[in-house]
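To start, the structure under review is shown below, and the notes come after it.
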Amino acid sequence: MPSSNQKKIGQRPEKETVTLRDTLGDTWRVMKPFVLFSVKALKVVAHALIFIVRHIPKLEEHQPKSKNTKIIKIQ
């Protein structure tokens with residue numbers, strides 16, 4: 001039989017109270033990989049958007065050439 005003093009995995013002793021600091025520390029430990037992945041994913045998306053915006057042609061570069069305004073009369 002297991003003794004009553006044995007600590008079970010993932011459980012705190014009954015007499016110990018859980019503080020806000022412990023809760024926040026546990027939450028950060030669990031969420032840290034997801035936060036880091038999200039930050040890296042946002043960086044990739046941001047770099048892709050910057051690349052796309054930089055390669056949009058400017059209006060000055062693509063103005064139509066002046067048309068020939070000469071009138072040709074056929075008689």
Side-chain angles (χ1 to χ4, degrees):
M1 269 197 181
S3 67
S4 61
N5 294 334
Q6 214 172 18
K7 183 178 178 184
K8 293 183 179 180
I9 296 173
Q11 292 183 352
R12 297 181 187 276
E14 293 176 13
K15 295 179 181 177
E16 184 179 335
T17 59
V18 180
T19 63
L20 180 63
R21 183 176 177 161
D22 293 335
T23 305
L24 292 177
D26 291 342
T27 304
W28 173 245
R29 194 174 323 120
V30 170
M31 294 301 294
K32 186 177 179 180
F34 299 106
V35 172
L36 293 178
F37 174 78
S38 300
V39 168
K40 290 176 184 178
L42 286 174
K43 282 182 184 180
V44 169
V45 170
H47 284 289
L49 288 174
I50 290 171
F51 177 81
I52 291 169
V53 169
R54 282 188 181 171
H55 287 84
I56 293 176
K58 305 241 186 305
L59 289 177
E60 300 90 38
E61 296 173 2
H62 290 285
Q63 288 188 358
K65 296 180 181 177
S66 62
K67 295 182 178 180
N68 228 351
T69 57
K70 295 179 184 178
I71 300 174
I72 301 173
K73 292 184 179 179
I74 302 176
Q75 294 181 0

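All figures in this text were calculated on a predicted structure; none of them were measured in a lab.
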Task: Residues which pass ring-ring contact (aromatic ring centres under 6.0 Å, His included) with F51, listed by chain and number, not counting sequence neighbours - done: H55

Task: For R21, side chain to side chain donor-acceptor pair (under 3.5 Å) partners two or more places apart - done: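 Expected list: none.
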
Open item on the list: Among residues at least two apart in sequence or on other chains, which ones pass side chain to side chain donor-acceptor pair (under 3.5 Å) with T27?
Closed with: none

My understanding is that a hydrophobic cluster links ILVMFWY residues whose side chain heavy atoms are under 4.5 Å apart, including indirect links. Using that, what else belongs to the cluster containing [X]?
X   : result
F37 : none
L20 : L24
V45 : L49

